[in-house]
Protein chains: 2
Amino acid sequence: MDTGRCGLWCLVHLQRSLLYSGTLYSLYDYRLFWLFEMEKNDCNPDGWLTANFEPEAVVVGGGDTPNHPLMRKWLEHHPRLVCCDGTANQWQDSWQEPWQIVGDGDSIAPAVHEKYKDIITIYPEQETNDQTKAIHFIHEKAPDIRRIAIIGSTGKREDHTLGNISLLLEYQKLGLEVRMYTNHGVFIPCCDTTTLHCPKDTAVSIFNFTATHLSSEKLAYPIYDFTNWWQGTLNQTLADDFTIHAQGCYLVYLAYSNQKERE
Amino acid sequence: MDTGRCGLWCLVHLQRSLLYSGTLYSLYDYRLFWLFEMEKNDCNPDGWLTANFEPEAVVVGGGDTPNHPLMRKWLEHHPRLVCCDGTANQWQDSWQEPWQIVGDGDSIAPAVHEKYKDIITIYPEQETNDQTKAIHFIHEKAPDIRRIAIIGSTGKREDHTLGNISLLLEYQKLGLEVRMYTNHGVFIPCCDTTTLHCPKDTAVSIFNFTATHLSSEKLAYPIYDFTNWWQGTLNQTLADDFTIHAQGCYLVYLAYSNQKERE
């Protein structure tokens, strides 16, 4: 087991070294590593959290420190961690080294800048925030990546949190599959009719952006064309999957299985 | 000084006793007590936070524990604290006793229920959340109260947070002046043209609900008819007041003076 882990570790590092040379983007695939790490299933007791969505890159923001086991596992092992600007200052020894650091550069500590200068990309313009700069970096420089998990982007200032959440819909327009995992649940941007899988009795909230003709199957409370955020909150699944019919875009929030009630 | 404080304390308790008898709602006024407590101004370094808005009741939710000095002062001294359901279970000895406990009753611990049974009001219906039940209680039972601060209503599950924030606009429709104070800033529901006062360089975000013809004075970035949450974030005041022109309703978020940047 130790030998296998070591061999795999070397393989991953070899892959990363080759990746840095810029020659193997298209061949780079960490799925073997991922399956190895996930085989015990100890970090993803809610297996549905990543069903059909194993992220190819993980963007780490400067909000609340991610504390769900799944996110901690990503921080410790995922080979493509993209760090939003000054978030790199708080990097912990137990975490995987960042793959890239992206932002406006205004909050990266000098020592961090020196240590990671080869993997830092600065977009100085102030029209977009650091989370969006990280997404744009991936979209432009690593177009093979489509599935991106965003963590550490909620908590602290609530206006940042609201902005970050709503930007998921913009990233989706770029053709990316993005999900925002928080310490309490996951936001999934959706357009038109969507079927999602999660255990019966999962707490679900739906935030409407541009959708009309909203209706649902297998949710406890009927949904409609919500015009205020609170109207779509505190619903519940009646089966192991549910469907939302709509024309247009909306956000689905699924609470983790131990987060059904207000703590 | 001690005698004065003692006398004032007795007066406040006498007032509260009379209030419980239900005969003196209209005469109840804690302003003297409030001014006494506030005279040192040690809990409200950002005096603008309560300029023209000294709350007549404070609703305490079960989200993140309020840690701003102003909110801690309310928890320790405000005579009209309304506790949302199971939040009462976490009541701390240093806090003022609740004035009322309101909710669906499903999370109040038996010991708490026994201790506070005279001030508990249960609305068992599940169409509204506990925060809204607390607001409706105040609106119906204490119609003299118009200015309400809501604290402890953000943090933890993000769908609860989004719902709670958006409900401010519903409470405003009841004729109430409500503000939600978080550990990082304050949400103020507004309709039509509004002028607000806060120091130059305060971080401001605006979340549009039904407003059209949005424009601003004395903000760093021009505002427009936002259709997504992120569009109105990360603005800044250019003077000690600013004005938003609009037709319809929107939410203004002002960050506290030490919270301009993402921590």
Side-chain angles (χ1 to χ4, degrees), chain A residues 61-64 84-87 106-107 126-132 154-170 180 182-187 203-207 209-210 221 227-235 249 251-256 259-263, chain B residues 61-64 84-87 106-107 126-132 154-170 180 182-187 203-207 209-210 221 227-235 249 251-256 259-263:
Chain A
D64 284 345
C84 291
D85 214 61
T87 309
D106 68 353
S107 57
Q126 295 294 321
E127 294 302 303
T128 58
N129 67 4
D130 290 328
Q131 175 184 284
T132 301
T154 59
K156 299 182 181 167
R157 258 181 56 185
E158 292 80 5
D159 57 341
H160 286 281
T161 293
L162 294 175
N164 285 342
I165 293 169
S166 70
L167 282 162
L168 294 177
L169 291 160
E170 303 296 327
M180 180 180 285
T182 80
N183 288 337
H184 309 279
V186 54
F187 283 99
V204 178
S205 291
I206 295 148
F207 301 98
F209 282 72
T210 62
Y221 307 104
T227 54
N228 197 331
W229 308 348
W230 61 269
Q231 293 168 322
T233 60
L234 312 185
N235 217 322
C249 297
L251 275 175
V252 174
Y253 179 86
L254 304 175
Y256 302 148
Q259 298 267 351
K260 292 208 184 77
E261 301 298 330
R262 186 62 143 165
E263 298 92 329
Chain B
D64 284 345
C84 290
D85 214 61
T87 309
D106 67 354
S107 57
Q126 296 294 321
E127 295 301 304
T128 58
N129 67 4
D130 290 328
Q131 175 185 285
T132 301
T154 59
K156 298 180 183 169
R157 257 181 56 185
E158 292 81 5
D159 57 341
H160 286 281
T161 292
L162 294 176
N164 285 342
I165 292 169
S166 70
L167 283 161
L168 294 176
L169 290 160
E170 303 295 328
M180 180 180 286
T182 80
N183 288 337
H184 309 278
V186 54
F187 283 99
V204 178
S205 291
I206 296 149
F207 300 98
F209 281 73
T210 61
Y221 307 104
T227 54
N228 197 330
W229 308 349
W230 61 269
Q231 293 168 322
T233 59
L234 313 186
N235 217 323
C249 296
L251 275 175
V252 174
Y253 179 86
L254 303 175
Y256 301 148
Q259 298 267 350
K260 290 204 183 81
E261 301 299 330
R262 186 63 141 164
E263 300 90 327

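Treat the numbers as computed from the prediction; the structure is a model and nothing was measured. The chains referred to below are lettered A, B, ... by the order of the sequence lines, with proteins before strands, and numbering in each begins at 1.
Contact record, B/G163 with A/T233: CA-CG2, 4.2 Å, taken as the closest heavy-atom pair.
In this structure, NE2 in B/H160 is found 5.5 Å from CG in A/L234, a value given to the nearest 0.5 Å. Between B/I165 atom CD1 and A/T161 atom OG1 the span is 8.5 Å, to the nearest 0.5 Å. Here OG1 of B/T154 is found 13.5 Å from CZ of A/R157. Values are rounded to the nearest 0.5 Å. Rounding to the nearest 0.5 Å gives a distance of 10.5 Å between OG of A/S205 and CD of B/E158.
The part of A/E170 that comes within reach of chain B is its side chain, from C-beta onward, which places non-hydrogen atoms under 4.5 angstrom from that chain. Using a 4.5 Å cut-off between heavy atoms, B/Y221 does not touch chain A at all.
Ring geometry for B/F209 against A/W229 counts as tilted: the plane angle lies between 30° and 60°, on a 0 to 90° scale.
Remark: side-chain polar atoms of A/S166 are paired, donor with acceptor, to backbone N or O of B/W230 under 3.5 angstrom.
Residues B/T210 and A/T227 form no side-chain contact, since every pair of their non-hydrogen atoms from C-beta on lies 4.5 Å or further apart.
Applying the side chain to side chain contact (heavy atoms under 4.5 Å, CB included) criterion to B/T87, with sequence neighbours excluded, gives B/V60, B/C83, B/C84.
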